[in-house]
2 protein chains.
Amino acid sequence: MDPVPIGEAARLLKINTSALRYYEEIGLVRPAARVGGRRTYGRAELRRLAFVQMAQELGFSLEVIAEVLDQPGGRWHEAIDAQIARLEVLIEQARRAQDFLVHARECTTANPVQECTTLAHVLDRRVDGLTLDEIAKEHHP
Amino acid sequence: MDPVPIGEAARLLKINTSALRYYEEIGLVRPAARVGGRRTYGRAELRRLAFVQMAQELGFSLEVIAEVLDQPGGRWHEAIDAQIARLEVLIEQARRAQDFLVHARECTTANPVQECTTLAHVLDRRVDGLTLDEIAKEHHP
DNA sequence: TCTTGACTTCAAGTCGGCTTGAACCACCAG
DNA sequence: CTGGTGGTTCAAGCCGACTTGAAGTCAAGA
């Protein structure tokens, strides 16, 4: 089952063949070999591709992925730590966003942005230069 | 303090004037009036802009923001519910991603993608067509 | 032999959310 | 009345991550 052509690799990974060629173009994943000019991917390459996909879902850019793949060891840990931190911020923000949205959903006025006094107040604080986080803290200090 | 020129509005909202013109171009936020051909923004417009910014941070696209701003009432609730749901998924994914990364950080091999048997196994399952979530559930059913 | 289908290359297009640049206009202080 | 600052328009550029299209190659099957 080892060396598969590009179409099969694409099917396995649920990705477009054009994406595979693109990855090669930017030096991210090279096929194992060419057979009659055609790309073939082996187990190692499929793993590498699977890793690329997962890392993408975990929020890494292709640039960072290429970097950690080619400089194993140090950069690897750094990148992971950075991403863990980013995700922590993301989760925190998303939580607050949810709180805010749940509150906004309660509002019964037709055009909350102009008519809801609570929302208007928050927006005005915002115009005064406060961030969402600071406004949230103002309400739950 | 009411009608401010574009530069002042931009300063207040910590945004570029070019972004304000862009918002106008796509029909998202119009200035209150023109004074000698120049845009002026009043309180209502500043609130609208503040709302746009917050909504963006909460993960809404400009297209959706325009939609809820112009169709107050029904669409508003729908959009919020949808976004709350999206955020829930996002938080869940981010948490799993963190777990995965924390685990990956433990790995001491130089090139985990090819050498770490645990990771290789996960990647192979992936090549077989499983999603990150399904693999995660496989480990904690 | 001819056709299909999967592949190849290279250039150009797409999307969202702006930014940048060039050329021109309006207002106010000195 | 002149210079500086901060406006104006319009078109084009940028970013990442691809996709699309045109034109050509190659092996297998009817």
Side-chain angles (χ1 to χ4, degrees), chain A residues 1 3-42 45-46 48-70 79 82-83 86 90, chain B residues 3-42 45-46 48-70 79 83 86 90:
Chain A
M1 150 223 181
V4 296
I6 195 171
E8 176 70 1
R11 213 182 45 71
L12 283 172
L13 291 153
K14 286 163 189 151
I15 195 179
N16 250 313
T17 58
S18 61
L20 292 177
R21 289 192 203 94
Y22 173 68
Y23 291 160
E24 184 178 356
E25 191 187 326
I26 64 171
L28 187 52
V29 182
R30 290 165 301 149
R34 296 257 184 158
V35 178
R38 296 165 174 224
R39 294 163 176 88
T40 60
Y41 298 83
E45 289 71 35
L46 293 178
R48 195 169 160 116
L49 284 167
F51 180 81
V52 168
Q53 280 198 307
M54 294 181 80
Q56 262 191 305
E57 282 173 29
L58 302 188
F60 295 89
S61 71
L62 295 187
E63 195 180 353
V64 170
I65 296 171
E67 201 175 318
V68 303
L69 276 174
D70 292 340
Q83 185 63 12
R86 270 197 291 277
L90 180 67
Chain B
V4 295
I6 195 170
E8 176 69 2
R11 230 191 334 281
L12 283 171
L13 291 153
K14 288 164 188 150
I15 194 180
N16 249 314
T17 57
S18 60
L20 292 177
R21 289 193 202 95
Y22 173 69
Y23 291 161
E24 184 177 356
E25 191 187 327
I26 64 170
L28 186 52
V29 182
R30 289 164 300 149
R34 296 261 183 155
V35 177
R38 301 172 170 219
R39 295 163 174 86
T40 60
Y41 296 83
E45 288 72 33
L46 292 179
R48 196 166 158 118
L49 284 168
F51 180 82
V52 168
Q53 280 198 309
M54 295 181 79
Q56 263 189 307
E57 282 173 29
L58 303 189
F60 295 89
S61 72
L62 294 187
E63 193 178 356
V64 170
I65 296 170
E67 201 175 318
V68 303
L69 275 174
D70 292 339
Q83 185 62 12
R86 270 196 293 274
L90 180 67

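In this text, all values refer to a predicted model and were calculated from it rather than measured experimentally. Naming convention: chains lettered A, B, ... in sequence-line order (proteins, then strands); numbering from 1 in each chain.
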Query - Length of the CG-P vector between A/L13 and D/dC18, whole Å - result: 12 Å
Quick test: give all pairs of protein nitrogen or oxygen and nucleotides 4-8 of chain D nitrogen or oxygen below 3.5 Å, distance rounded to 0.1 Å.
| residue | atom | partner | partner atom | Å |
| --- | --- | --- | --- | --- |
| D/dG6 | N2 | B/R38 | NH2 | 2.4 |
| D/dG7 | OP1 | B/G7 | N | 3.2 |
| D/dT8 | OP1 | B/R39 | N | 2.7 |
| D/dT8 | OP1 | B/R39 | NH1 | 3.0 |
| D/dT8 | OP2 | B/R21 | NE | 3.2 |
| D/dT8 | OP2 | B/R21 | NH2 | 3.1 |
| D/dT8 | OP2 | B/R39 | NH1 | 3.3 |
| D/dT8 | O5' | B/R39 | NH1 | 3.2 |
| D/dT8 | O3' | B/R34 | NH1 | 3.4 |

Query raised in the report: For B/A19 and B/E63, take the nucleotide of DNA chain C holding the closest heavy atom to each; which residue's nucleotide lies nearer the 5' end?
Result: B/E63
Query - Distance, rounded to the nearest Å, where B/E25 contributes CD and D/dA12 contributes C1' - result: 12 Å
Query raised in the report: Quick one: does A/I65's side chain get under 4.5 Å of A/Y23's, heavy atoms only?
Result: no
Query raised in the report: Does A/Q56 have a side-chain nitrogen or oxygen under 4.0 Å from the phosphate oxygens OP1 or OP2 of D/dC18?
Result: yes
Query - A/G36 or A/Y23, whichever maps to the more 5' nucleotide of DNA chain D - result: A/Y23
Got a list of side-chain donor-acceptor pairs under 3.5 Å for residues 31-40 of chain A, not counting sequence neighbours?
| residue | atom | partner | partner atom | Å |
| --- | --- | --- | --- | --- |
| A/R34 | NH1 | A/G37 | O | 3.0 |
| A/R34 | NH2 | A/E24 | OE2 | 3.4 |
| A/R39 | NE | A/E24 | OE1 | 2.5 |
| A/R39 | NH2 | A/E24 | OE1 | 3.4 |
| A/T40 | OG1 | A/A33 | O | 3.1 |

Report summary line: The reported gap from CD1 in A/I26 to CD in A/E63 (rounded to nearest 0.5 angstrom) is 9.0 Å
Query raised in the report: Are A/Y22 and D/dG16 close enough that a side-chain N or O sits under 4.0 Å from OP1 or OP2?
Result: no
Distance-only donor-acceptor hits, side chain of residues 5-18 of chain A, under 3.5 Å, sequence neighbours excluded:
| residue | atom | partner | partner atom | Å |
| --- | --- | --- | --- | --- |
| A/E8 | OE1 | A/R11 | NE | 3.3 |
| A/E8 | OE1 | A/R11 | NH2 | 3.2 |
| A/E8 | OE2 | A/R11 | NH2 | 3.0 |
| A/K14 | NZ | B/G129 | O | 2.9 |

Query - Relative orientation of the end axes in the helix from C/dT1-D/dA30 to C/dG30-D/dC1, expressed as an angle to the nearest 10° (five pairs per end) - result: 30°
Query raised in the report: Taking 5' to 3' order, which nucleotide of DNA chain C is first and which is last to have an atom within less than 4.0 Å of a heavy atom in chain A?
Result: C/dA6 to C/dT9
Report task. Measure the CG-CG distance between B/L28 and B/D70 for me, rounded to the nearest 0.5 Å. Result -> 8.0 Å
Query raised in the report: Tell me, which pairs form a ring pair (Phe, Tyr, Trp, His ring centres under 6.0 Å) where one or both residues lie in residues 49-70 of chain B, sequence neighbours left out?
Result: B/F51-B/W76
Query - Heavy-atom pair with the smallest gap, counting every atom of B/E45 and B/V29 - result: O-CG1, 4.3 Å
Query raised in the report: When rounded to the nearest 0.5 angstrom, what distance separates CD in A/E57 from CD in A/Q53?
Result: 7.0 Å
